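Here is the structure we will look at, set down as structure tokens.
Source: prediction; values computed, not measured.
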Amino acid sequence: MKQATIHMWDVHEIVLHAQNKYDNPYTDVTVWAKLKGPGFDKRVFGFWDGDDTWRIRVTATAPGTWTYTTGASVPDVGLSGISGGYFALEWTEEEKEENPCRRGIIRATANGHAMEYADGTPYVMVGDTWWPLPTYRFPWTDDDGERPVGPDMTLKDMVRIRRSQGYNCIGTIVAYPTWANDGKPYRINIPDEHNTCIRSAWALCGVEDWFDKDVDRIITARDMHNEGGRPFFFPGKIEGYEDMVPDYDRINPEYFKVLDKKVNYLNQNGITVFMEALRRDSSKTWKYYYDWPMVYTRYIQYLSARYQANNTIYSPIHFDVKAETIDAREFNEPIDLMIDMYGAPPFGTLMGTNAPGSTKTAYGSFGEQHWKTMDQTGNFRDHEHYWLMEDIFNDEHPVPAINGEPYYSGHVAIMTNNLGELVENIFGNVESPEDHMNFRSSLYGSLLSGGFGGNLAGFEAGWSANVEPEETPWKIWDVMTFPASYQTRYYRDFILSEGKRYQELIPDPDLLFPSKAGAPTGWRGWAYAAATKERELVFGYMEKDCPRVRLRGLRPYDIYEISYFDPRTGKWLDKKEQLEVNHFGSILLPEQPDEFDWAFKAKRVNTKQRVDTVGPGLVRSNEGVKETFIQTGSTK
């Protein structure tokens, strides 16, 4: 048999055809390949792809000869005992520049705090949330004709635009199994002992109607099918709800074949896919009406096997908030079981997930679970919550971190006070500079708080993929040219300005004083900093209304070069200032160039310690200084 030739990190399929018939191939049969290659010897699992077909998707992590022999959980000569191989070639550097996904699946850096491609090239995520990517809302076409921005756009047109704007990641939620425009309410619960939620869907309406308590019509859920149908077959097994909750034991491969095309196309254009298995609102139907945890373990393993050779980051659940769902930690059982039964993703795919606040607090650190290889924050979108990144950074088992859902330009920000009480819903405005500043605060504040993996950003009408007339005021094609969407990539340019040095940074906002001069919650007045261990390199960011700050904790009398970076344009200012650290170890940074938000970099330019006994010291003159005395009994 002729040996196939592929390039490293290409997807190669081992296609098997069963000789026997099975009542339910999805639940009754497991297939795998014993795969060997340079530095690699693992069992790689496959998946059922309809009719008598199983596929095992593999790749090559190194150049050279790769061989395999298949196996199966059932005696079937069509599935087990089949041997083959392929030869893997390296990509040239020019070919990698053309498509960064050719550099390999994303992994953690050696210190655990950042991400890189498998060839060691830094990867700072510049992402967009296209949660309904698998569905008809992102239409697929086989032709490559370009269409202008507007209703006729296809997925390929949207990818072209986002790639030109510097994005390297798209986030998706794979399945919304109970959602449909079926004339029934978008929120439905079963009146059982668990108050089981069938769906708490995105409503088929404008965002304002979600918050309008006086709407007297039935608002139904959004459709989430594609050309292959829905992810699971109907009827389901829950009595009385067979037409609303599908049979989670009967998967529909045709639905996933559509997603295959989209994931492959994104990878071919240098874009990694952050893939979330399920939106959390149907989780009680999985747990209380099916064979939990195996029903969920089987599903997330199916997805893992189907996309294990693609350039993805894998999230076993989209758990944005605990509302009408099981608890986040209850998902540890089926996810850990997947790792125990099938092993970690064979080619090194990172596993993290969306969370309310922080995945560290939601799912626990290593020991409370053993599946998570990256962390993230999200959904609470103002500066009070950037600290969660510092908490992740300081964990004794560090993993890379991103902000998975920062401030969405144009979306609703649900604001609480310092007591945790809901006080305000702020509706964004995609044309407003204020909205854009909130967005930038979320990106840079998270980055410099330890989220060196980057951000999975989002925009109103983009995360929900608005296409229907009722879904107002924006549509998915409008999002492509929102002003903030052009500014997203600039934080990556900023942090990579010193190459890989950002991977050495330690977040410490207290290097700047004052660092919290604004309101406790919001996006104004705070400052953020991260520095190398010896503080010879410092990156910082100041929100609008931040007072002029002092950089402190430096070695006295050293000289630092201060450069300002405009996060609106992605440009460094030509003017640089060299300033001497005073004998207290601090520098008063130059005044910010204007009233808006600014980022900066401070680099020590002298290589040897300077000793200067004449340098700037304590000012002794009291001329013009106000003098007061604390009075007995005063409570001022």
Decide whether S464 and N466 meet the rule of one side-chain donor and one side-chain acceptor closer than 3.5 Å.
yes

Between T325 and S283, a side-chain donor and acceptor under 3.5 Å:
yes

A quick test of your reading: do over 12 heavy atoms of other residues, nucleotides or ligands sit less than 6.0 Å from CG of D143?
yes

State, without any angle test, whether R103 and T121 hold a side-chain donor-acceptor pair at a distance under 3.5 Å.
yes

If the threshold is 4.0 Å, N to carboxylate O, is there a salt bridge linking E97 and R102?
no

Side chains of N310 and N267 only: does a donor on one sit below 3.5 Å from an acceptor on the other?
yes

Less than 4.0 angstrom from a charged side-chain N to a carboxylate O is my criterion; do K287 and E333 meet it?
no

T154 side chain to T141 side chain, donor-acceptor N/O pair below 3.5 angstrom:
no

Going by an N to O cut-off under 4.0 Å, is there a salt bridge joining R222 and E468?
no

Test: D49 and R55 ion pair at under 4.0 Å
yes

Do W474 and F482 have ring centroids that are under 6.0 Å from one another?
yes

ring-ring contact (aromatic ring centres under 6.0 Å, His included) assessment of W371 paired with Y363
CA-CA 10 Å; W371 60 270; Y363 301 93; 5.6 Å; yes

Assess, by modelled atom type and distance only, whether the side chains of N354 and N379 contain a donor and an acceptor separated by less than 3.5 Å.
yes

Considering only residues two or more places apart or on different chains, which pairs with a residue in residues 154-176 satisfy ring pair (Phe, Tyr, Trp, His ring centres under 6.0 Å)?
Y176-W179, Y176-W202

Can the ring centroids of Y307 and Y314 be said to lie less than 6.0 angstrom from one another?
no

With sequence neighbours left out, what residues match D249 under salt bridge (Lys or Arg N to Asp or Glu O under 4.0 Å)?
K237, R298

Do R137 and E471 have side chains that approach each other closer than 4.5 Å (heavy atoms only, starting at C-beta)?
yes

Return the set of residues passing ring-ring contact (aromatic ring centres under 6.0 Å, His included) with Y248 (not counting sequence neighbours), or none when no residue passes.
F232, W286, Y290

Who pairs with K156 by salt bridge (Lys or Arg N to Asp or Glu O under 4.0 Å), at least two apart in sequence or on another chain?
D144

Excluding sequence neighbours, so at least two apart, what forms ring-ring contact (aromatic ring centres under 6.0 Å, His included) with F459?
F439

Just jot down the side chain to side chain contact (heavy atoms under 4.5 Å, CB included) partners of N181, sequence neighbours excluded, or say none.
L204, T220, D223

Just to verify, what does N189 make a side chain to side chain contact (heavy atoms under 4.5 Å, CB included) with, not counting sequence neighbours?
N195, C197, E324

Taking salt bridge (Lys or Arg N to Asp or Glu O under 4.0 Å) as the definition, give me every residue that meets it alongside D320, ordered by chain and number, with sequence neighbours left out.
R279, R280

Should T69 and S83 be marked as a side-chain hydrogen bond (donor to acceptor under 3.5 Å, both in side chains) after you check the CA-CA gap, both sets of side-chain angles, and the distance that decides it?
CA-CA 4 Å; T69 301; S83 297; 3.0 Å; yes

For T129, give me all partners under side chain to side chain contact (heavy atoms under 4.5 Å, CB included), at least two apart in sequence or on another chain.
W131, Y408, L456, W463

Please determine if D23 and R250 form a salt bridge, counting it only when a charged side-chain N lies under 4.0 Å from a carboxylate O.
no

Is any NZ, NE, NH1 or NH2 atom of the basic residue among E13 and R57 found under 4.0 Å from an Asp or Glu carboxylate oxygen of the other?
yes

Quick test of your reading of the model: are R160 and D157 salt-bridged, counting only N-O distances below 4.0 Å?
yes

Side chains of F47 and I56: does their closest heavy-atom pair fall under 4.5 Å?
no

Exercise: do S409 and D435 side chains pair donor with acceptor under 3.5 Å
yes

Can you tell me how far apart CG (N403) and CD (Q376) are? Round to the nearest 0.5 Å.
8.0 Å

Would you say S200 and Y186 make side-chain contact, with heavy atoms under 4.5 Å?
no

Close side-chain approach of M125 to N455, heavy-atom, < 4.5 Å:
no

For K34, enumerate each residue passing the salt bridge (Lys or Arg N to Asp or Glu O under 4.0 Å) test, keeping only those at least two apart in sequence or located in another chain.
D41

Residues which pass side chain to side chain contact (heavy atoms under 4.5 Å, CB included) with P100, listed by chain and number, not counting sequence neighbours
Y117

Return each pair, listed once, that meets salt bridge (Lys or Arg N to Asp or Glu O under 4.0 Å) where at least one residue sits in residues 164-182; pairs must be two or more places apart or across chains.
D182-R199

Any side-chain heavy-atom pair of F138 and P132 under 4.5 Å
yes

With the side chain counted from C-beta on, respond yes when D76 and S80 share a heavy-atom pair under 4.5 Å apart, and no when they do not.
no

